[in-house]
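As the structure is a computational prediction, the values presented were derived from the model and not from experiment.
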Number of protein chains: 2
Amino acid sequence: MTTDGRLVRGERTRTAVLDAAVALASEAGLGGLSLGQLAERLEVSKSGLFAHWKSKEELQLATIEHARGQWATDVVSPALAQPRGVRRLFALHESRLDFYTRKALPGGCFFANAKFEFIGRSGVVPDRLATVHLEWFELLERLAREAVEAGELVPGTHIEDLVFEIDAAGVAALLNFRLVARGPQEARRVVLRRLRDLATDPTLLPEE
Amino acid sequence: MTTDGRLVRGERTRTAVLDAAVALASEAGLGGLSLGQLAERLEVSKSGLFAHWKSKEELQLATIEHARGQWATDVVSPALAQPRGVRRLFALHESRLDFYTRKALPGGCFFANAKFEFIGRSGVVPDRLATVHLEWFELLERLAREAVEAGELVPGTHIEDLVFEIDAAGVAALLNFRLVARGPQEARRVVLRRLRDLATDPTLLPEE
DNA sequence: TATCTTTACGACCGATCGGTCTTATTCATA
DNA sequence: TATGAATAAGACCGATCGGTCGTAAAGATA
């Protein structure tokens, strides 16, 4: 690495590989991610990849972190730009749906696919995915709690169920959107209606 | 084949293979389904499988039909035993959650996994999966419509959104249950509350 | 009993899988 | 400018992939 902050050759390669890996894994699955295909797509040698990661598993873990960074940038950050409370909570839901609709990844969503792929399996990769999954839930939960504390959601709000509903709508939106070209509209409407029901001041939210 | 209805040797093999194939595919994915592993698990030769199906794709299609039959028996039929209306609709949701909780398949749910696996891909297998997906939605929609027509759900009920919510709860239950040992309780509670809100006679439904 | 189809097996095929090893080049630093 | 680490390529490895082929039982039918 150079003493200043410039990207050296290897680091540039690393980023390019991980970009392609996230895209490829969103299609073929994180397990189905093939080093041969990845190398071919990037026009580098397969063995060259092993100069950066010792094994496929290590590359998978790096791919997860990379996808997590993209998610933070593309989905979480825009939502955090909204004022704290029910508006920020709904913004997070909306930017998630946007992410799917924008077709950012050919396979829909890296994390949703990976989670379903590794259901019931154990190992460091599934473990890491489970942790990321929990983080996402905790973020939703935090935003919901803040909305209650700000007095923008009625005091008795069952936060656990609300978080479940919002997340469920997102997952189902992805599935239906890609499968039968429906989903995001319903997911938006359903959550919006739910939040307006719970909001102390419904005018904070869009009209629908 | 014999003239009477008995299962001949080949048919028995076929059933045994498809049982194992559904289980294996629910773990490894329908694409990741390996003929070698399948043959090994059943203690038959790999080439023997080709006496029954001409290609892997044909076996995949047969596996889908087999899983569809299991779903019809284990999930749909029990629900249809309930009286038509809001009770039958909720029973379908419950028997679906039961199916997951019972851990009938090691990988959670054959269809949910397969759908996510084939998101964004095309071919006869994804096409068939999409059709089965649509059938499921149509069933939910029919039961919901019947509940409205029976006067058990308020007339203005937005059926499309209700179906989306129920299905979303099911998918999320599966995902969260297997990943973080939570889900089915929320999925049951959330849908039950929603249906009680919409029901003209809430006493038709459980207390929660 | 003789015949024909169904069912199953073992040997084998080319392609691809993840991974190793040796060698060559690039590049920051001393 | 010399040096050593980082980066990359190519040849190669055993294992497994989906799939083919020839052959041998098993079972139904005549």
Side-chain angles (χ1 to χ4, degrees), chain A residues 1-21 24-25 27-64 66 114 117-118 121 123-126, chain B residues 1-21 24-25 27-64 66 114 117-118 121 123-126:
Chain A
M1 169 141 27
T2 47
T3 41
D4 58 15
R6 277 186 303 110
L7 283 181
V8 292
R9 186 172 54 128
E11 210 160 332
R12 230 183 314 129
T13 307
R14 214 147 23 229
T15 304
V17 171
L18 290 179
D19 278 338
L24 196 57
E27 289 178 89
L30 196 51
L33 178 65
S34 148
L35 302 181
Q37 281 176 36
L38 192 57
E40 195 183 11
R41 187 175 291 199
L42 287 156
E43 291 181 316
V44 299
S45 70
K46 196 177 63 171
S47 56
L49 296 176
F50 285 89
H52 294 275
W53 302 276
K54 275 182 284 187
S55 64
K56 178 175 175 176
E57 189 179 78
E58 228 179 58
L59 174 60
Q60 288 174 322
L61 290 174
T63 304
I64 293 176
H66 199 70
E117 185 183 356
F118 285 102
R121 290 196 241 174
V124 289
V125 172
Chain B
M1 173 147 15
T2 48
T3 42
D4 58 15
R6 278 186 301 111
L7 282 181
V8 293
R9 186 170 55 127
E11 210 158 332
R12 230 183 312 131
T13 307
R14 212 144 28 227
T15 306
V17 171
L18 290 179
D19 278 338
L24 196 57
E27 291 179 87
L30 195 52
L33 179 65
S34 149
L35 301 182
Q37 282 176 33
L38 192 57
E40 194 183 12
R41 186 175 291 198
L42 286 156
E43 291 180 317
V44 298
S45 70
K46 195 177 64 169
S47 56
L49 296 176
F50 285 89
H52 295 273
W53 300 277
K54 274 182 284 186
S55 64
K56 177 176 176 176
E57 188 178 79
E58 228 179 58
L59 174 59
Q60 288 174 321
L61 289 173
T63 304
I64 292 175
H66 199 70
E117 185 182 357
F118 286 102
R121 290 196 242 175
V124 289
V125 173

Counting only side-chain heavy atoms from C-beta out, which of [options] sits nearest to [X]?
{"X": "B:Phe50", "options": "D:dC17, D:dT20, C:dT20", "value": "D:dT20"}
{"X": "A:Arg14", "options": "D:dT7, D:dG19, D:dA9", "value": "D:dT7"}
{"X": "A:Ser55", "options": "C:dG19, C:dA8, D:dG18", "value": "C:dG19"}
{"X": "B:Ser45", "options": "C:dC9, C:dT7, C:dG19", "value": "C:dC9"}

Quiz question: going by heavy-atom distance under 3.5 Å, is there a donor-acceptor pair between the base of D:dG19 and the side chain of B:Lys56?
no
Within the modelled atom types, does a donor on one side and an acceptor on the other bring the side chain of B:Ser47 and the base of C:dG10 under 3.5 Å apart?
yes
Round to the nearest Å and state the distance from [X] atom [atom1] to [N] atom [atom2].
{"X": "A:Glu11", "N": "C:dC27", "atom1": "CD", "atom2": "C1'", "result": "14 Å"}
{"X": "B:Leu49", "N": "C:dC9", "atom1": "CG", "atom2": "C1'", "result": "11 Å"}
{"X": "B:Glu40", "N": "D:dG18", "atom1": "CD", "atom2": "P", "result": "13 Å"}
{"X": "A:Glu58", "N": "C:dG18", "atom1": "CD", "atom2": "C1'", "result": "14 Å"}
{"X": "B:Leu59", "N": "D:dG19", "atom1": "CG", "atom2": "P", "result": "10 Å"}
{"X": "B:Leu35", "N": "D:dC17", "atom1": "CG", "atom2": "C1'", "result": "9 Å"}
{"X": "B:Lys46", "N": "D:dC17", "atom1": "NZ", "atom2": "P", "result": "7 Å"}
{"X": "B:Arg12", "N": "C:dT6", "atom1": "CZ", "atom2": "C1'", "result": "13 Å"}

Do [X] and [Y] come within less than 4.5 Å of each other through their side chains, counting heavy atoms only?
{"X": "B:His52", "Y": "B:Val17", "value": "no"}
{"X": "A:Leu59", "Y": "A:Leu18", "value": "yes"}
{"X": "B:Thr13", "Y": "B:Leu42", "value": "no"}
{"X": "A:Thr15", "Y": "A:His66", "value": "yes"}

Within the structure shown, what part of the strands sits under 4.0 Å from [X] by heavy-atom distance: base, sugar-phosphate, or nothing?
{"X": "B:Gln37", "value": "sugar-phosphate"}
{"X": "B:Leu42", "value": "nothing"}
{"X": "B:Leu38", "value": "nothing"}

Side chain B:Glu117, main chain B:Gly31, donor-acceptor under 3.5 Å:
yes
May I ask you to evaluate whether B:His52 reaches the phosphate of C:dA8, defined as a side-chain N or O under 4.0 Å from OP1 or OP2?
yes
Strictly below 4.0 Å: does A:Ser34 bring a side-chain N or O up to OP1 or OP2 of C:dC17?
yes
